[in-house]
Amino acid sequence: MPLPVQHPPPQTDDRPRRAVIHAPAFKAVELAQRGRMILDVAEADLAASESFLGPFHDTSWFFRRALADARNSWDRLRARYGLAVLEAALDEPPATVLTLGRSSTPDAVLVVIAGKTYALHRQPPSVDAPRIWQLTRIPLSDDGPFHACRLSDGSTQCDCAHWIYEIADRSDTFCKHLAALDALGWL
Ligand SMILES: [Zn+2]
């Protein structure tokens with residue numbers, strides 16, 4: 001599907017065109033994050049299919065084409081916005097989410113956190129932690145999964161190294177996982 005193209009309005013006077021410059025940058029955040037997630041999911045799908053079914057199975061070919069499409073879309077985004085804009089966009093708080101599975105009961109919600117795709121699963125609440133999320137990297141990585149939660153006393157906690165070693169004593173600060181959940185209003 002072709003990407004939407006933003007056409008600047010015809011220049012009829014000498015007014016600065018600041019608004020025209022900002023609009024694509026804002027849109028770039030959403031497009032970059034969506035493109036990153038689609039690319040990462042396609043890589044994970046192909047790796048899983050090759051692992052379970054073999055590289056020459058029809059399903060593996062299907063996912064290989066999907067990955068090629070995702071890479072082409074990413075290359076078009078890079079040509080349109082430039083790599084620096086895309087990398088900055090990936091560092092922004094989550095601007096868009098993708099759901100896997102049925103939308104009524106999604107298996108997971110995907111978001112981009114600090115340039116990486118994560119699958120978010122809401123965990124059963126406990127008395128001490130009414131809101132708990134498991135965050136798993138896509139494709140799967142040795143980095144995680146992490147568990148970020150809001151405790152019953154209102155404080156927040158994560159089991160990532162950054163939180164444990166640098167934030168634990170300053171509970172008013174978020175690690176990137178807590179910051180993303182907070183930005184989404186899910187914490
Ligand atoms: Zn964390």
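Ligands are counted one by one from 1 in listed order, and the atoms in each one are counted from 1 as well.
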Exercise for the section: Report, rounded to 10°, the angle at the Zn ion (ligand 1) between the two atoms SG (C160) and SG (C175). Expected result: 110°
Exercise for the section: May I ask you to check if any N/O/S atom from H162 comes under 2.8 Å of the Zn ion (ligand 1)? Expected result: no
Practice task
Please determine, by modelled atom types, if T156 and R150 share a side-chain donor-acceptor pair under 3.5 angstrom.
Solution key: no
Practice task
Give the name of the N/O/S atom in H177 that lies closest to the Zn ion (ligand 1).
Solution key: ND1
Handout entry: Distance flag, aromatic centroids of Y118 and H177, threshold under 6.0 Å
Key = yes
Distance-only check: which donor-acceptor pairs under 3.5 Å involve side-chain atoms of residues 127-139, not counting sequence neighbours?
{"unit_1": "W133", "atom_1": "NE1", "unit_2": "W186", "atom_2": "O", "d": "3.0"}
{"unit_1": "Q134", "atom_1": "NE2", "unit_2": "H147", "atom_2": "NE2", "d": "3.3"}
{"unit_1": "R137", "atom_1": "NH1", "unit_2": "D143", "atom_2": "OD2", "d": "3.3"}

Handout entry: Partner set under salt bridge (charged side-chain N to carboxylate O under 4.0 Å, His left out) for R78, not counting sequence neighbours
Key = D75
